[in-house]
Each structure stands twice: as structure tokens, then as C-alpha cells.
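Numbering of ligands and ligand atoms starts at 1, following listing order. These values consider heavy atoms only, across backbone and side chains, with no hydrogens, waters or symmetry-generated copies.
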Amino acid sequence: MPDLLQIHSAASDLAEAERSPDVEISPDFREFRTAGSVDEMTRLAQEVLADPTFPTVRAWRKAGGKSVGCFPVYTPQELVHSLGMMPVAMQGGGENLEISRADAALGSFLCSISKSTLEMALTGRLDPFDAFVFPYICDVSRNLDGIFARVLPQRPSHMLHLPQNFTSPATVPFLVAEYRRLLEKLERAAGRPFSPDDLRASLEVFNEQRELVDRLAVLKRESPEKVTLAEYYLLLRLGGLLPREVHIPLLRRALDEIERRVRKSKDAIRVLLVGPFCEQPTLELLQLVEDVGCYVVGEELQMLHRWCRRIEPGNDPLESLAASYVRTPVDIGVRSTPTTKGAAVLDRVEAAKAQGVVFLTAKFCEPALEDVVLYRRALERRGIPYLHMEFEEKSTTYEQARLQLETFVESILFD
Ligand code: SF4
């Protein structure tokens with residue numbers, strides 16, 4: 001019998017030292033509904049992220065709700081929502097999670113998010129979830145789906161195949177068929193059937209969330225002094241962890257405050273942050289990028305909210321949802337369009353009026369590293385400066401990163 005099958009998932013036998021601080025959230029999410037300032041919202045976000053036992057999911061469950069863990073980068077969250085369940089972004093364990101069991105099941109040269117996700121499964125931290133979706137974005141995510149089917153056999157896990165050919169007339173029907181395969185499992189988890197009318201209503205909810213996310217992204221690009229990258233990131237990160245009906249008004253209140261801010265612009269260079277579309281950098285590292293004298297005016301963080309703008313439900317909302325993924329102009333690492341990569345990064349630099357690019361890629365992330373090669377060639381041809389740094393979930397020292405960033409900023413400022 002393979003070793004993996006002998007690794008049990010159980011919260012009860014966790015050593016005391018392995019237990020994480022348990023943050024308790026009210027089942028009606030009143031902390032988030034009443035948070036009146038961006039400071040309060042980001043403090044709540046940090047508390048939630050410091051606890052890898054998914055406090056918002058536990059709260060949702062206490063109120064009788066079901067939830068589906070969605071691995072990055074893309075899951076049609078609207079399908080999950082239309083069945084009355086909460087789609088939850090599973091974006092790794094963060095810096096507070098000790099890896100003690102996953103190392104025995106996974107090889108050394110793998111990204112941190114794969115290990116922390118498995119660690120959470122093996123230690124009962126994912127017990128509040130009812131099902132999982134792993135989009136096939138790389139070999140790692142594909143294998144995680146298979147591992148989850150073994151270690152959490154009582155909960156459905158689904159590997160979502162995503163198209164890589166975006167021009168064939170067969171692509172949208174292919175994706176609709178994939179969504180139907182996913183729906184079969186989601187219906188079983190939800191205990192109710194799919195309905196196109198429910199999906200229409202869910203499309204509207206996510207349209208509203210995306211519209212607000214887009215407003216914040218435009219604000220960060222046009223007036224980067226008004227909102228720090230850390231605030232921006234935390235506000236978006238909450239969007240994958242809260243019921244969307246709670247996040248939408250919260251984000252609207254945050255935007256009202258941020259738009260009213262009057263702040264003096266720093267003498268900072270405008271940069272595009274490329275690479276962190278799946279595993280997320282630590283908050284310290286994101287803060288550091290701006291602390292050393294950059295304004296991040298474009299990035300790939302929290303892509304789950306940013307695949308497209310509006311989705312019109314049309315006659316067939318399932319087909320409209322599939323078409324929105326196929327026809328999105330978003331061009332990041334996990335969409336295989338190598339011939340367009342160079343032009344895409346140059347367009348993004350131009351649209352953001354960026355003076356340079358910081359590649360921030362997760363260690364051992366093949367999709368990100370492969371694209372860096374293509375991006376660098378295009379940037380070099382245009383004479384656009386760039387810096388490449390790697391990160392892990394549990395980075396502890398940032399001296400090297402600070403030095404690299406400071407040198408990069410100075411090279412642009414004094415060019
Ligand atoms: S960080 Fe990269 S290699 Fe790891 S799961 Fe995500 S896309 Fe795959």
C-alpha cells in the first residue's frame with residue numbers, strides 16, 4: 001500500500017503546538033457587516049488570514065451553510081453560489097502554518113501552496129468544507145485533486161479541465177460540458193439541483209463584486225497614493241473568504257473612504273507586479289515593495305475576482321459563463337498562449353504607465369517561471385527594466401529582497 005494511504009486526516013490527534021489560534025466569527029458575520037473603516041476591515045482580514053482553520057467558513061457552517069474550497073486560479077464560483085453554497089478561495093496556509101505531515105507525501109521541489117494545502121487537509125483544518133475544486137492549471141494542482149480524493153474520500157473533489165485553445169468553435173461547448181461534469185458533484189454536495197434561474201441571480205451578484213473590485217484596481221492604478229498595496233490586497237482577499245453578500249457592501253464602504261482620501265503623492269516609481277497569480281506572497285513582502293519606493297499600479301493578485309468584467313446571463317447562462325472564461329482578455333501564466341505573452345506584458349506596462357516590472361514568482365512555480373522567460377525577452381527589446389524575485393509562504397527574512405528592490409528602484413530613479 002502506498003505510504004500516502006496511511007496518512008490520516010484528523011484534527012483530534014493534532015499536537016497542542018500544531019493547533020492554530022482559533023478566531024471566532026459570528027455566524028451572521030456582524031464584525032464585517034459593521035466594520036466602518038478600512039483600518040478595521042484590514043485588521044479583521046489579517047486576523048482571519050492568521051488562522052489557517054478558515055474562521056469565516058466555520059462561521060458559515062455554524063449558520064447551516066455549505067462551502068466549496070476552490071484552489072487557484074479559476075473556478076466558476078457562480079455555479080457554487082447558484083446552488084446555495086459559499087465558494088471559498090483556498091490560497092494556501094500562509095506563514096502561521098507549520099508543515100509537519102505534507103512533507104512526507106510530497107516531493108521537496110514543489111511550491112509552498114501545494115504543501116500547505118495538503119497539510120491543512122491532513123490535519124483536519126479543511127473539515128468545514130463540503131467539496132473541493134482543483135482547476136488543472138499545472139501538474140501540481142492536478143495531483144492535489146488525486147491526493148484529496150484519497151485523504152478526504154468522504155468529500156467530493158473535482159479536477160476542472162480548462163481549455164487552452166481559445167479560438168476553436170468547439171472551445172465554449174467543451175467548457176460547458178466540463179461545467180456540467182462539475183455540476184453533477186456540486187449538486188450532490190448541495191443536495192439540490194442546478195437551475196439556470198439561480199445561476200442568473202448568482203451572475204448578478206458576482207458582476208457586482210467584480211465591478212467594485214475593478215473600481216478599486218482602477219483607483220490603485222490612477223491614484224496609487226490613496227490605497228496601499230497591503231490594504232488593496234487584504235480587501236480583495238476577504239472577497240474570496242466571505243459570503244459575497246457580506247463582501248460587496250464592505251467593499252463599497254471601503255471604496256467610499258478610499259476615494260475621499262487626500263494624500264500627497266510620493267516620489268515613487270510605478271511598477272507592474274507579475275507572477276503571484278496562484279500562491280500568494282506574504283503581506284510583509286507586498287508591503288516591502290511599496291516601502292522601498294514603488295507604487296504597484298498593476299498586478300496579478302487575487303485573480304479569482306478578475307477574469308472578466310460583466311457576464312450577461314443571456315438565454316443560456318451556463319454558456320455565457322463558459323464564454324466569459326474563453327473570451328477574457330486576461331493573459332496570465334496559467335493560460336497557455338505563448339505567442340501572445342510578450343505583447344500582452346507590453347500592453348499591460350503601457351496601460352498602467354509602469355516604469356518597470358517586478359516579477360514576484362512562487363518558488364518552484366513552473367507556469368510562472370516559464371512565462372518570465374517570454375516576458376523578459378519582450379521587455380528587453382523595449383528597454384523596460386525588470387527585477388525577478390522568488391518567494392515562499394513562510395519567508396522570514398526580507399533583507400535580501402529589500403536590497404534587491406532598493407537597487408532596482410535606484411537604478412530607475414537615477415537612470
Ligand atoms: S504556485 Fe504554480 S506550481 Fe504551484 S500550484 Fe500554483 S500554478 Fe501550480
Do the rings of Tyr74 and Tyr325 sit parallel, tilted or perpendicular, given the 30° and 60° boundaries?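 Ring orientation, 0 to 90° scale: tilted.
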Ile137 and Pro72: which non-hydrogen atoms are nearest, and at how many Å?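 That closest heavy-atom pairing would be CD1-O, 3.2 Å.
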If you compare all heavy atoms of Ser26 against all heavy atoms of Ala59, which two are closest, and at what distance to 0.1 Å?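 So the minimum-distance heavy-atom pair works out to O-CB, 3.8 Å.
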Top protein contact for [atom], by heavy-atom distance:
atom	answer
atom 2 (Fe) of ligand 1	Cys365 SG, 2.3 Å
atom 5 (S) of ligand 1	Cys138 SG, 3.6 Å
atom 4 (Fe) of ligand 1	Cys111 SG, 2.3 Å

Could you go through Asp127 and Arg155, starting from their C-alpha distance and side-chain angles, then the distance that decides it, and tell me whether this counts as salt bridge (Lys or Arg N to Asp or Glu O under 4.0 Å)? CA-CA 9 Å; Asp127 285 357; Arg155 265 158 292 170; 3.5 Å; yes
Are any N, O or S atoms from Cys278 nearer to atom 8 (Fe) of ligand 1 than 2.8 Å?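 No, Cys278 does not qualify, because none of its backbone or side-chain N, O or S atoms lies under 2.8 Å.
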